Asker: 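The structure follows.
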Protein chains: 2
Amino acid sequence: MSQKGVGVDLETSLGYLLKEASSALRSAMEEVLRPLGMSVTHYSCLELLAQRPGLSSSELARGAFVTRQTMNVLLQALERDGYVTRPAEAPVGKVLPTRLTPSGRRSLEKASAAVRSVEARMLADLTEDEQSDAFPILQSMIHSLRGDNERA
Amino acid sequence: MSQKGVGVDLETSLGYLLKEASSALRSAMEEVLRPLGMSVTHYSCLELLAQRPGLSSSELARGAFVTRQTMNVLLQALERDGYVTRPAEAPVGKVLPTRLTPSGRRSLEKASAAVRSVEARMLADLTEDEQSDAFPILQSMIHSLRGDNERA
DNA sequence: GAACCTATGTCAGAATGCTGACATGAGTCA
DNA sequence: TGACTCATGTCAGCATTCTGACATAGGTTC
């Protein structure tokens with residue numbers, strides 16, 4: 001077993017495992033959000049707005065890990081369906097601050113409960129210590145991958 | 001801070017952090033693979049074939065976390081470009097076992113080195129203990145999310 | 001004030017991946 | 001043998017997201 005020095009051993013690769021976990025999480029979220037007529041990006045956008053009202057399209061895009069073009073398309077649909085509102089004109093600069101409507105907030109509540117149940121299931125078999133360990137580990141990975149350490 | 005009971009707190013959510021880490025990993029991989037003219041799915045397919053020669057299209061799809069239709073399109077391109085070979089007729093059933101060509105193997109070697117460097121960077125700031133902890137934690141998450149525990 | 005850089009919103013086109021559907025081969029079971 | 005179930009490969013159409021490009025607003029520097 002265990003590769004003859006060449007290649008990435010998928011059986012022991014933390015990168016592959018990370019991708020696998022993320023894929024499983026996404027699938028589980030899609031499964032519970034589908035009955036609510038909501039996609040993961042859709043949900044992410046509403047959740048971001050609930051916690052940080054007035055975010056711009058570009059900021060939402062970064063928070064949901066998509067491009068600002070993609071987020072803009074989504075926002076247009078959400079606005080059309082009455083889940084969010086944006087001023088017709090930018091109060092300052094070009095930034096259009098977005099906010100949830102009561103309808104959007106109601107819609108989010110169900111979705112949020114569903115997502116919380118998925119996250120709880122994900123952590124069900126982990127000990128308290130493991131859950132505590134996971135946080136700094138993932139943060140370190142993110143920090144290192146983004147190259148925040150580069151020549152300042 | 002810390003949400004008033006409602007919603008998922010993105011600041012402390014392991015699910016969000018997992019998505020963030022996965023996104024950062026994907027970006028980092030795309031960055032190093034782009035100069036080699038290779039996408040992440042493209043690379044994943046070749047790496048899988050190097051470790052498990054003779055996999056079918058459907059098996060490769062599951063290993064690369066895409067649908068079998070998507071993998072089939074990719075395989076057609078890889079076959080056209082001489083990186084993999086598939087028998088014209090299925091030796092048994094409908095399964096077409098796929099194998100790397102020498103050209104595919106050479107192409108993979110460079111990509112694999114690049115990906116290994118990304119993975120090394122990802123783990124650079126983690127202690128030995130943390131790296132050891134990460135493995136069972138991620139595996140537990142995957143196992144729980146897939147519902148492998150359900151009523152047997 | 002002018003030049004410069006950065007970030008934002010937006011439009012257009014293209015790539016990528018997915019869902020739905022179908023026929024076929026293999027295994028199971030009565 | 002025949003009916004049933006399941007997995008595979010494949011075709012077609014659609015959805016989602018991305019890349020490229022542009023104009024504009026704000027801040028910075030000289």
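Letters A, B, ... are given to chains in the order of the sequence lines, protein chains preceding strands, and every chain is numbered from 1. Just so it is clear, the values below take in all heavy atoms, side chains as well, and ignore hydrogens, waters and symmetry mates. Owing to the predicted nature of the structure, the values given are computational and were not obtained by experimental measurement.
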Asker: Under a 4.5 Å cut-off applied to non-hydrogen side-chain atoms, are A:Val40 and B:Lys19 in contact?
Answerer: yes
Asker: Pairing donors with acceptors under 3.5 angstrom, does anything connect the side chains of A:Ser140 and B:Glu130?
Answerer: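 Side chains of A:Ser140 and B:Glu130: no pair found under 3.5 Å.
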Asker: May I have all residue pairs that pass salt bridge (Lys or Arg N to Asp or Glu O under 4.0 Å) and include part of residues 74-86 of chain A, sequence neighbours excluded?
Answerer: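 As it turns out, the salt bridge (Lys or Arg N to Asp or Glu O under 4.0 Å) pairs with a partner in residues 74-86 of chain A, which skip direct neighbours, are A:Glu79-A:Arg86.
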Asker: Side chains of B:Leu78 and B:Cys45: closer than 4.5 Å at any heavy-atom pair?
Answerer: yes
Asker: Could you tell me, to 10°, how much the axis swings from one end of the helix from C:dG1-D:dC30 to C:dA30-D:dT1 to the other, five pairs per end?
Answerer: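 Inter-axis angle at the ends, rounded: 40°.
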Asker: Between B:Glu31 and B:Arg26 (salt bridge meaning N to carboxylate O under 4.0 Å), is one present in this structure?
Answerer: no
Asker: Please determine whether a side-chain nitrogen of the Lys or Arg among A:Glu109 and A:Arg105 lies less than 4.0 Å from a carboxylate oxygen of the Asp or Glu.
Answerer: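 Looking at A:Arg105 together with A:Glu109, the answer is no, because their closest N to O distance does not fall below 4.0 Å.
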Asker: Between B:Thr41 and C:dG17, does any side-chain N or O lie under 4.0 Å from OP1 or OP2?
Answerer: yes
Asker: Side chains of B:Ser44 and B:Glu47: donor-acceptor distance under 3.5 Å anywhere?
Answerer: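 Judged by distance alone, the side chains do not pair up.
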Asker: With a 4.0 angstrom cut-off to heavy atoms of chain B, pull out the first and last contacting nucleotide of DNA chain D, in 5'-to-3' order.
Answerer: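 With heavy atoms of chain B under 4.0 Å away, the range is D:dT8 to D:dC11.
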Asker: Please report the shortest heavy-atom distance between B:Ser103 and B:Gly82, naming the atom on each side.
Answerer: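 Looking at all heavy atoms of both residues, the closest pair is CB-O, 3.7 Å.
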Asker: Hydrophobic clusters here meaning ILVMFWY residues chained together by side-chain heavy-atom distances under 4.5 Å, can you tell me if B:Met71 and B:Val95 are in one?
Answerer: no
Asker: Going hydrophobic residue to hydrophobic residue with side-chain gaps under 4.5 angstrom, can you get from B:Met29 over to A:Tyr16?
Answerer: yes
Asker: Using a 4.0 Å heavy-atom cut-off across all strands, classify A:Ser56 as base, sugar-phosphate, or nothing.
Answerer: sugar-phosphate
Asker: Mapping A:Arg86 and A:Glu30 to their closest nucleotides on DNA chain C, which lands nearer the 5' end?
Answerer: A:Arg86
Asker: Are B:Glu30 and B:Ser27 close enough that a side-chain donor and a side-chain acceptor fall under 3.5 Å?
Answerer: no
Asker: Counting only non-hydrogen atoms, which of residues 57-78 of chain B are less than 4.0 Å from DNA chain C?
Answerer: B:Val66, B:Thr67, B:Arg68, B:Gln69, B:Thr70
Asker: List every contact pair, protein side and nucleotides 23-27 of chain C side both N or O, where the distance is under 3.5 Å.
Answerer:
unit_1 : atom_1 : unit_2  : atom_2 : d
C:dA23 : N3     : B:Lys94 : NZ     : 3.4
C:dT24 : O2     : B:Lys94 : NZ     : 3.4
C:dA26 : OP1    : B:Gly93 : N      : 3.1

Asker: Quick one: pull up CD in B:Glu128 and CG in B:Leu123 and give me the separation to the nearest 0.5 Å.
Answerer: 10.0 Å
Asker: Excluding sequence neighbours, so at least two apart, what forms salt bridge (Lys or Arg N to Asp or Glu O under 4.0 Å) with A:Glu20?
Answerer: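 Per chain and number, A:Glu20 pairs via salt bridge (Lys or Arg N to Asp or Glu O under 4.0 Å) with B:Arg146.
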